[in-house]
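Hydrogens, waters and symmetry mates are skipped; everything else that's a heavy atom, side chains included, is used.
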Amino acid sequence: MKTKTLIIVNPISGVGRQRRIETLLKQNLNQDLFDYTVRYTEHIHHGTEIAREAADKGCHCVVAVGGDGSVNDVVQGIKDTDTRLGIIPCGSGNGLARSLRLPLQPALAIRALNQQYEQTIDSIVVNDRWVVVNAAGCGFDAYIARLMHSAKTRGLAAYTNLVLREYSRYKNSDYHITVDGHEYYRNAWFIAVANSRQFGYNLAVAPKAKLDDGLMDISILDKVPVDHLGITAPLAFTNHLDLSQHVEMFRAKDVLIEGNADRWVNLDGEGENIGRSVHFVIHPASVKIYARDLKHPLREMTPTIDKIKKNIGR
C-alpha cells in the first residue's frame with residue numbers, strides 16, 4: 001500500500017528553492033511508494049491548519065517544504081498523532097535538517113524520503129501550548145528572529161547584517177532561571193533552550209545536544225566583547241561553543257525562565273510574543289520523522305515498469 005502523504009509548501013520561505021518543488025517531486029519521489037498531494041500555504045500558520053486536517057484524516061506523513069518555521073508549523077498540526085514528519089529543506093537556516101544530516105539540496109532530500117527511514121525524536125513544549133523540535137530562546141536571538149520574520153530578504157547574509165546592525169544596541173537582561181528545581185540568577189545576553197545542537201547556518205549553540213536523549217540543553221550567553229568575537233564566533237561555527245568563557249551550559253528536563261523583558265521568544269527560528277515567564281518541558285520520543293539512512297546512498301530514481309512500457313509504445 002502506498003504511503004498517503006501531504007506535502008506542504010511555504011511559497012515565500014527561505015531563498016526561493018521551493019519554487020520548482022512539483023517538478024522535483026515528479027523527478028525524484030518514488031511514485032510506487034507515495035500517494036501524495038501538494039498544498040501551498042496562504043497565510044501565517046496555515047501549515048498548522050492543513051497539517052492538522054491531514055492528520056485527522058489519517059495521513060501517514062506530512063512533509064514540510066521550507067525552513068525551520070515551516071517545519072514547526074507542521075509539527076504544531078501533527079503533535080499527539082501517529083503522523084510522520086518529513087522535511088524538504090528550502091529555508092535559510094535549516095537547523096533541524098542540518099542536525100538530522102538531511103541533504104540541503106531539495107532533490108536529494110526528496111530521495112531521502114524514498115528511504116522511508118523512521119526516527120523518533122524529542123520535542124519541547126513551551127507554556128503548555130507551543131511545540132519546538134529544534135531550538136528556542138529568549139533575549140537577543142528572539143529579537144533577531146522577530147526582525148527576520150519581517151525582513152524583505154532571507155539567508156545567511158541577511159541574518160548576519162541584522163546581527164551586526166543590532167549587536168551594539170541590544171543589552172543584557174536579568175533572568176531568574178529554574179533548572180530542574182535549581183534556581184539561578186543570571187544577567188545574560190540570550191538564553192538558548194535546544195533540542196538539537198544548532199539554530200541553523202551551522203551556528204551551534206548547544207554542541208552536546210541530541211535529538212533523542214530526553215534532555216534539553218540550555219546555553220546562557222553573556223554579551224561577547226567585540227575584541228573577543230574573533231575567538232568566540234569560530235567556536236560557535238565549529239561546534240565548540242562550550243569552550244568559550246562567555247557561555248554557561250546545563251542539561252535538564254524542565255526549565256522556567258522568568259524576567260523575559262522583551263516578551264518575545266524564538267521558537268524554531270520564528271519570533272513569538274509569549275510573555276515574561278517562559279516554561280520549557282521536554283517530551284521524550286514524541287515526534288516520528290522520516291530522517292535519512294546514512295548507511296545507504298541516495299539513489300537516483302529509475303523508471304517504473306509503467307513508464308518503461310509507455311516510452312516503448314511511443
Side-chain angles (χ1 to χ4, degrees), residues 3-14 18 21 25 36-97 99-100 102 109 113 120-137 142 145-146 148-151 154 193 195-196 199-200 211 263-275 278-283 285-291:
T3 301
K4 187 178 180 182
T5 303
L6 174 65
I7 297 173
I8 300 178
V9 183
N10 180 353
I12 61 172
S13 72
Q18 73 282 14
I21 191 63
L25 287 167
Y36 73 92
T37 303
V38 178
R39 290 192 63 178
Y40 292 82
T41 57
E42 300 172 4
H43 52 78
I44 187 170
H45 300 318
H46 188 206
T48 298
E49 297 173 18
I50 54 183
R52 182 178 297 119
E53 177 186 335
D56 289 344
K57 292 181 178 178
C59 189
H60 185 82
C61 178
V62 177
V63 179
V65 181
D68 286 317
S70 301
V71 171
N72 185 276
D73 268 353
V74 169
V75 170
Q76 305 297 329
I78 66 173
K79 64 181 180 180
D80 302 321
T81 75
D82 201 42
T83 300
R84 276 66 173 164
L85 168 69
I87 303 173
I88 301 174
C90 291
S92 45
N94 299 310
L96 182 60
S99 294
L100 288 165
L102 289 172
L113 288 174
T120 303
I121 65 173
D122 306 332
S123 64
I124 301 170
V125 174
V126 185
N127 283 13
D128 293 322
R129 176 178 174 184
W130 292 274
V131 178
V132 170
V133 285
N134 187 51
R146 175 161 61 95
M148 281 294 292
H149 183 73
S150 57
R154 309 283 281 185
V193 179
N195 190 39
S196 82
F199 279 151
L211 286 162
R263 305 181 68 87
W264 287 85
V265 178
N266 168 13
L267 302 177
D268 284 339
E270 298 293 332
E272 191 78 43
N273 189 337
I274 288 181
V278 191
H279 188 203
F280 302 89
V281 179
I282 194 74
H283 281 223
S286 52
V287 177
K288 295 178 180 178
I289 187 169
Y290 276 156

Name the atoms and distances for all side-chain donor-acceptor pairs under 3.5 Å in residues 55-66, with sequence neighbours left out.
residue : atom : partner : partner atom : Å
Lys57   : NZ   : Glu53   : OE2          : 3.3
His60   : NE2  : Tyr290  : OH           : 3.4

**Report entry** Which residues share a side-chain contact (heavy atoms from CB on, under 4.5 Å) with Asp128, sequence neighbours left out
**Finding:** none

Requested in this report: Please name the pair of heavy atoms, one in Ile282 and one in Ser123, separated by the smallest distance, quoted to 0.1 Å.
Outcome: CD1-O, 3.5 Å

Requested in this report: Check whether any side-chain heavy atom of Glu42 sits under 4.5 Å from a side-chain heavy atom of Glu49, and report yes or no.
Outcome: no

Report summary line: From the list Val74, Asp73, Val75, side-chain contact (heavy atoms from CB on, under 4.5 Å) partner of Thr48 resolves to Asp73

Report task. Provide the closest heavy-atom pair for Ala142 versus Trp264 in the form atom of the first, atom of the second, distance. Result -> CB-O, 3.5 Å

Query raised in the report: When you measure from the side chain of Asn10 to the backbone N and O of Thr41, does any donor-acceptor pair fall under 3.5 Å?
Result: no

Query raised in the report: How far does CG of Asp68 sit from CZ of Phe199, to the nearest 0.5 angstrom?
Result: 10.5 Å

Query - Leu211 and Asn195, any side-chain heavy atoms less than 4.5 Å apart - result: yes

Query raised in the report: How far does CG of Leu6 sit from OG1 of Thr37, to the nearest 0.5 angstrom?
Result: 6.5 Å

Report summary line: Residue set satisfying side-chain contact (heavy atoms from CB on, under 4.5 Å) with Asp80, at least two apart, ordered chain then number -> none

Query - Approximate separation, where rounding is to 0.5 Å, of Leu113 CG and Arg84 CZ - result: 13.5 Å

